[in-house]
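Take a look at the structure set out below.
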Amino acid sequence: MSKVVLSYSGGLDTTVCIPLLREKYGFDEVVTVTVDIGQPESDVKEAEERGKKYSDKHYTIDAKKEFVDSLFMLIKANGDYEGYVLGTSLARPIIATKTAEIALKEKADAIAHGCTGKGNDQLRFENIFLQYGFKVIAPMRELNLTREWEINYAKEKGIDIKVSKEKPWSIDENLWSRSVEGGKLEDPSFIPPEEIFEWTVSPEKAPNQPEIVKIDFEKGVPVALNDERKDGFELIKKLNEIGGKHGVGRTDMMEDRVLGLKARENYEHPAATILLTAHRDLEKLVLSRRELKFKRMIEEEWAELVYYGLTNDPLYDALNAFIDKTQERVTGWVKIRLFKGSATPVARFSEYALYSEELTSFDTTTIDQRLAEGYSAFHGLQGRLYREIVKRKD
Ligand code: ARG
């Protein structure tokens with residue numbers, strides 16, 4: 001008896017994998033695992049129904065808590081890869097870990113996933129599966145399948161799947177972001193139709209009145225929305241709703257995949273936009289100029305590790321230790337104005353602010369501004385000397 005555990009989303013690719021694993025790979029038993037990382041409940045339910053229907057055994061695993069913990073780290077790190085808020089990237093290692101744990105429990109011979117050989121997810125998944133010592137099976141990649149072939153094969157196998165040839169979007173969704181790829185979107189010069197968006201209204205349809213939201217942070221982590229304490233999951237969910245209503249958090253971008261392929265990506269992420277905007281703003285109030293500058297380099301490295309699915313690298317722990325140290329004082333609140341697609345910081349407060357109104361104000365004399373005269377005499381000295389030399393040589 002050979003058994004394979006399949007990381008299962010309930011979508012076209014992974015559903016097609018079930019009969020393929022039996023027919024083309026000869027497995028006697030296919031076990032499906034769906035991991036809940038805050039995708040719509042209906043998606044989880046649908047995956048569960050399909051898993052039970054088409055596979056031999058199905059598991060649904062709730063990893064919302066783990067995902068929110070990772071998202072808190074992402075917020076502290078201002079997670080951003082080339083303008084992408086990293087939702088899928090950060091979720092993959094969690095999904096992979098949960099799947100590998102089931103594979104251990106089921107004493108499976110291999111783990112399968114439905115990723116193609118062109119994207120990043122194969123790398124993120126397999127890094128973890130291999131860490132757990134499993135043989136990896138990737139039917140989409142190994143059999144060199146196209147979406148068109150899959151759609152036909154699914155029909156042949158009597159698999160009910162809503163993807164049509166007219167709307168062939170490949171969608172990945174979790175609590176943090178929704179990504180849409182494929183079909184006509186693969187032409188970067190094609191403007192995305194409104195129908196691809198589900199979390200956000202178009203800015204022109206957003207309310208004509210702005211709305212201000214207040215976010216409280218403790219040690220870099222959001223803890224309250226409009227003065228009401230909320231756990232991470234509820235807070236992010238609520239902000240996705242409020243931000244989406246104002247058309248906040250759409251990104252249409254070119255992205256450099258790990259393999260070097262450029263891809264056209266469309267994302268929706270209202271809560272991510274609001275929280276990252278607020279968090280960055282609070283850091284500017286609280287962290288020193290040098291901390292901010294150095295942290296930007298750390299953040300770039302952090303985002304790349306996450307995008308590459310390399311969160312098991314020791315560097316990830318080391319970067320997190322630095323980031324956590326800086327966040328000890330990132331406590332306070334920020335008010336963000338949401339209006340027709342924009343999220344703008346309009347007020348902020350922290351007990352740890354490295355800001356003194358008393359010192360900076362136009363209206364105070366606490367500090368004797370005449371002291372700056374001496375500083376100014378030295379400031380730019382080398383540049384002035386250089387310009388003089390150049391002039392002399394001309
Ligand atoms: N480009 C993003 C990433 O690599 C998201 C990919 C999501 N996948 C999808 N089929 N929509 O993390």
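Count residues from 1 along the sequence. Here the structure is a predicted model, which is why all the values come from computation and not from measurement. Remember, it's 1-based here, ligands and their atoms both numbered in the order they're listed.
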Task: Derivation and outcome, side chain to side chain donor-acceptor pair (under 3.5 Å), residues Thr34 and Thr60 - done: CA-CA 5 Å; Thr34 300; Thr60 301; 5.1 Å; no
Open item on the list: One pair to check against side chain to side chain contact (heavy atoms under 4.5 Å, CB included): Ile102 and Ile61. What are the steps and the verdict?
Closed with: CA-CA 9 Å; Ile102 296 294; Ile61 308 289; 3.7 Å; yes
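Inspection of the Tyr267 and Glu255 side chains reveals an N or O donor paired with an N or O acceptor under 3.5 Å.
Between the side chain of Glu142 and the backbone N or O of Ala138, at least one donor-acceptor pair lies under 3.5 Å.
Between Asp62 and Glu66, the shortest heavy-atom distance links the atoms O-OE1, 4.1 Å.
A cation-pi arrangement is not found for Arg257 relative to Tyr307, the charged atom failing to lie both closer than 6.0 Å to the ring centre and inside a 45° cone about the ring normal.
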When you pair each N or O of ligand 1 with protein N or O atoms, which pairs come out under 3.5 Å?
| unit_1 | atom_1 | unit_2 | atom_2 | d |
| --- | --- | --- | --- | --- |
| ligand 1 | 1 (N) | Glu255 | OE2 | 2.8 |
| ligand 1 | 1 (N) | Glu265 | OE2 | 2.9 |
| ligand 1 | 1 (N) | Tyr267 | OH | 2.9 |
| ligand 1 | 4 (O) | Asn120 | ND2 | 2.8 |
| ligand 1 | 4 (O) | Arg124 | NH1 | 3.3 |
| ligand 1 | 4 (O) | Arg124 | NH2 | 3.1 |
| ligand 1 | 10 (N) | Ser170 | OG | 2.6 |
| ligand 1 | 10 (N) | Glu181 | OE1 | 3.4 |
| ligand 1 | 11 (N) | Ser170 | O | 3.1 |
| ligand 1 | 11 (N) | Ser179 | OG | 2.7 |
| ligand 1 | 12 (O) | Tyr84 | OH | 2.8 |
| ligand 1 | 12 (O) | Ser89 | OG | 3.3 |
| ligand 1 | 12 (O) | Arg124 | NH1 | 2.9 |
| ligand 1 | 12 (O) | Arg124 | NH2 | 3.0 |

